[in-house]
Amino acid sequence: MTKDLTVYNSLAREKQLFKPLHPGYVGMYVCGPTVYNDVHLGNCRSFVSFDIIFRTFKYLGYKVRYVRNITDVGHLLDDGEDRIAKGARLEQLEPMEIVQKYTNGFHDIMRVFNVLPPSIEPRATQHIIEQIEMVKAILANGLAYEKNGSVYFDVPRFAKETGHYGDLSGRVIDDLLQETRDLKRQDEKNHPADFAIWMKADPEHIMRWPSPWGEGFPGWHLECSAMSTKYLGKTFDIHGGGSDLKFPHHENEIAQNFGACGCAPANYWLHGNMLLLNGRKMSKSEGNTISPEQLFTGDSSLISKGYSPMVVRFFMLMAHYRSTLDITDEALLAAEKGYKRMMDAWSTLASLPSTTGSTASEIDNEIIQALDGALADLCDDFNTPMALAKLFEVVPRINGLKGGQIKPDQIQPATIERLKQDMGDLLFSVFGLKEESDAGGASETIGSLMDLILDLRQSARANKDWPTADKIRDGLQAAGIVVKDGAEGSSWTLS
RNA sequence: GGUCACGUGGCCGAGUGGCUAGGCAGAGGUCUGCAAAACCUCGUACAGCGGUUCGAAUCCGCUCGUGACCUCCA
């Protein structure tokens, strides 16, 4: 069942053979969103990437426990205000209303992108006790200190004692001294590199919990350490997130886990890369940004039309998760056509008459090699663009069989069976694509209507009444229905 | 300013010391009443300048450009 799989481990900065802690099982933790406003398109790419990783492990036969958290407290803005509290203030809602509202929105978008729900989706505010316990453990190990009701992680001491600070990010503590931003209560820290694991709540701060150090709230990095430990154990297989989280978030998470448990949290760290828009980073202030909704509806000056969620997902598959991906209208258009070509080939495959080849032909070998290759590509650090390319190699064979360029006796029945099985698995189970039905909701009525119309047109064609036949086709085209004349009659699709 | 990535044909995007990525667009052809689709054929690209090597887009150096991070953005 389980095949050899290599993953690029950010910790080692190289591809490594994946060896699970427990054979056949994978524990994976991925940093989820901070739910204080609408989900960013970049988040979507990140979660789609890890969705494919999740699906690949499952496809390979692993039993996966996938934990992806919701951060609903502790994540502060530059000015020190809690992101959730700020959202609540701006929208005049309870903090938990903000959390619920944007959690719902996040789930909606994930569903639209056909991202599988994780096995466990814990929230930071539901794990305050675990976080307080972790702070206590770190204090007990002498790697944190209390100051005026806040608790700070002692980074220099941790670095000195374990030598592990900077393992992931390559950060050197002395370089961090350059920081000049004026942050909240910066002066309380013994060292600028120290970070809060528990913060005292100001009187006006709404989100607060009692603790041994007074009323306060947990630091941003702590919830991931506490929840990954709770659900996956002190050490687990994979920790993922966007590359922008490497430092400080993931580096500090590692420090906290070491500080509390004396061991590293994850064996493999996987980081997804950023999304660009027209070659530039997405930036609200520069107007270079687009939301998932705008992408779907086309309601943006940056794109010429709307693109369906599956087209966007397909577009994401065309790049490796560790590469930046540039969104342009032209690239989306290309992805849309590619997606359609692939999906058309898939439905053609289902309707193909049976083949009669008795010995393995060159075409048989070619198809088998492409399928084997696609699986190998997936097992090579989840290389979806390569796997997709292999699938595209098979498309002309399917269409050729349909169009008569390839004869049925040139392919063995077993090859077609394997093709149906593997192509379906890859497209739907691993890549997580869905067929976006052409006919839409009103299919039955329109279907019988179209049967009638095409029947009338067929009569006209039989009589060589081309003006009538063309008039019907052009009229349907104007109504958004494309008619294609094939060898066995005409077919139609909504454009 | 510091640390780290990346820069591939018209566009997106794999690959990474010698061997075809793939998609889209474009050119020619086959098929078709025409069209669309499909099928076949076609691109010697790898930021610039040096260096290492029998051989570099792939390794090294410099320059330019883009991006990430540098206390809380996936």
Side-chain angles (χ1 to χ4, degrees), chain A residues 13 30-34 39-47 49-50 74-78 80 83 155 166 169-172 174-181 183-184 186 189 192-196 219-221 240-249 251-252 271-276 279-282 314-315 318-320 322-339 341-342 344-345 348 377 383-393 395-400 402-406 461 464-466 469-470 473-474 477 482-487 491 493:
Chain A
R13 289 154 216 259
V30 171
C31 292
T34 301
V39 65
H40 181 78
L41 190 61
N43 283 68
C44 296
R45 145 111 123 145
S46 194
F47 298 130
S49 294
F50 285 103
H75 200 162
L76 306 188
L77 293 160
D78 281 356
R83 283 171 191 268
V155 171
S169 63
R171 215 56 57 140
V172 179
D174 291 344
D175 293 342
L176 299 175
L177 295 172
Q178 314 261 348
E179 179 58 43
T180 53
R181 269 200 271 179
L183 286 153
K184 202 180 179 188
Q186 199 65 284
K189 297 179 181 177
D194 293 349
F195 58 92
W220 172 39
H221 317 297
S243 61
D244 52 349
L245 290 179
K246 257 190 207 172
F247 190 88
H249 185 59
E251 192 69 61
N252 288 352
H271 288 99
N273 216 139
M274 306 289 107
L275 213 47
L276 302 179
R280 314 288 315 182
K281 69 169 166 183
M282 285 206 214
F314 191 85
F315 172 68
M318 289 174 71
H320 188 90
R322 278 193 290 114
S323 299
T324 52
L325 173 59
D326 190 7
I327 297 185
T328 62
D329 195 50
E330 219 178 342
L332 286 168
L333 225 39
E336 183 173 62
K337 295 207 173 176
Y339 168 74
R341 180 168 153 82
M342 181 62 75
D344 284 350
T348 299
D377 292 332
N383 196 327
T384 56
M386 283 277 274
L388 205 52
K390 297 290 196 321
L391 240 38
F392 268 114
E393 283 173 21
V395 168
R397 302 284 90 97
I398 295 171
N399 290 331
K402 168 93 180 289
Q405 291 90 349
I406 296 171
R461 292 182 73 210
K464 297 200 189 296
D465 180 3
W466 308 127
D470 289 351
R473 188 174 62 199
D474 294 346
Q477 172 110 43
V482 181
V483 175
K484 287 184 231 175
D485 298 329
S491 62
T493 52

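Hydrogens, waters and symmetry mates play no part in the numbers below; they use all other heavy atoms, side chains included.
Comparing the same atom, C1', in B:U30 and in B:U20 gives a spacing of 23 Å after rounding to whole Å. Look at the C1' atom in both B:A45 and B:U8: the space between them is 6 Å, to the nearest Å. Here the separation of B:C62 from B:U52, taken at their C1' atoms, is 15 Å to the nearest Å. Rounded to a whole angstrom, the distance from the P atom of B:C46 to that of B:C19 is 14 Å. Here the separation of B:G7 from B:G13, taken at their P atoms, is 11 Å to the nearest Å. Distance noted for atom P between B:C64 and B:G10: 25 Å (whole Å). Distance noted for atom C1' between B:A21 and B:A74: 28 Å (whole Å). Taking atom C1' on both B:G18 and B:G28, the two are 32 Å apart, rounded to the nearest angstrom.
With hydrogens and angles ignored, the 3.5 Å screen pairs no side-chain donor or acceptor of A:Asn383 with any backbone N or O of A:Asp377.
Residues A:Leu275 and A:His40 fail the side-chain proximity criterion, which asks for heavy atoms closer than 4.5 Å. Using a 4.5 Å cut-off on side-chain heavy atoms (C-beta onward), A:Leu332 and A:Ile327 make contact.
Ring stacking holds between A:Trp466 and B:G33, with the centres under 5.5 Å apart and the planes within 30 degrees of each other.
The base of B:A35 sits with one of its N or O atoms less than 3.5 Å from a complementary donor or acceptor on the side chain of A:Arg473. A:Asn273 contributes no side-chain N or O that forms a donor-acceptor pair with the base of B:G67 under 3.5 Å. No N or O donor and acceptor, one from the side chain of A:Asn252 and one from the base of B:C72, sit under 3.5 Å apart.
Close to B:A74, at under 4.0 Å from its OP1 or OP2, lies a side-chain N or O of A:Asn43. Checking the phosphate oxygens (OP1, OP2) of B:A38, a side-chain nitrogen or oxygen of A:Arg341 falls inside 4.0 Å.
Between A:Asp470 and A:Arg473, at least one side-chain nitrogen of the basic residue sits less than 4.0 Å from a carboxylate oxygen of the acidic one, meeting the salt-bridge criterion.
Nucleic acid contact for A:Asn399: sugar-phosphate only, since backbone atoms but no base atoms lie under 4.0 Å from a heavy atom of the residue. A:Phe195 comes within 4.0 angstrom of a base, heavy atoms only. As judged by a 4.0 angstrom heavy-atom cut-off over every strand, A:Ile327 is placed among residues making no nucleic acid contact. Among the heavy atoms of the strands lying under 4.0 Å from A:Lys281 are primed sugar atoms or P, OP1, OP2 only; no base atom is included. Residue-level contact check: A:Lys484 touches the bases, meaning some heavy atom is under 4.0 Å from a base atom. No engagement by A:His271 is indicated, since no non-hydrogen atom pair under 4.0 Å with the nucleic acid exists.
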**Study point:** Steps toward side-chain contact (heavy atoms from CB on, under 4.5 Å) verdict (A:Met318, A:Leu325)
**Key:** CA-CA 9 Å; A:Met318 289 174 71; A:Leu325 173 59; over 6 Å; no

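Summarising the geometry, the separation between CZ on A:Arg280 and P on B:C12 is reported as 14 Å, rounded to the nearest angstrom.
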Can you check nucleotides 14-18 of chain B for protein contacts, nitrogen or oxygen pairs under 3.5 Å, and list what you find?
| from | atom 1 | to | atom 2 | distance (Å) |
| --- | --- | --- | --- | --- |
| B:A14 | OP1 | A:His320 | N | 2.7 |
| B:A14 | OP1 | A:Ser323 | OG | 2.9 |
| B:G15 | OP1 | A:Asn383 | ND2 | 3.2 |

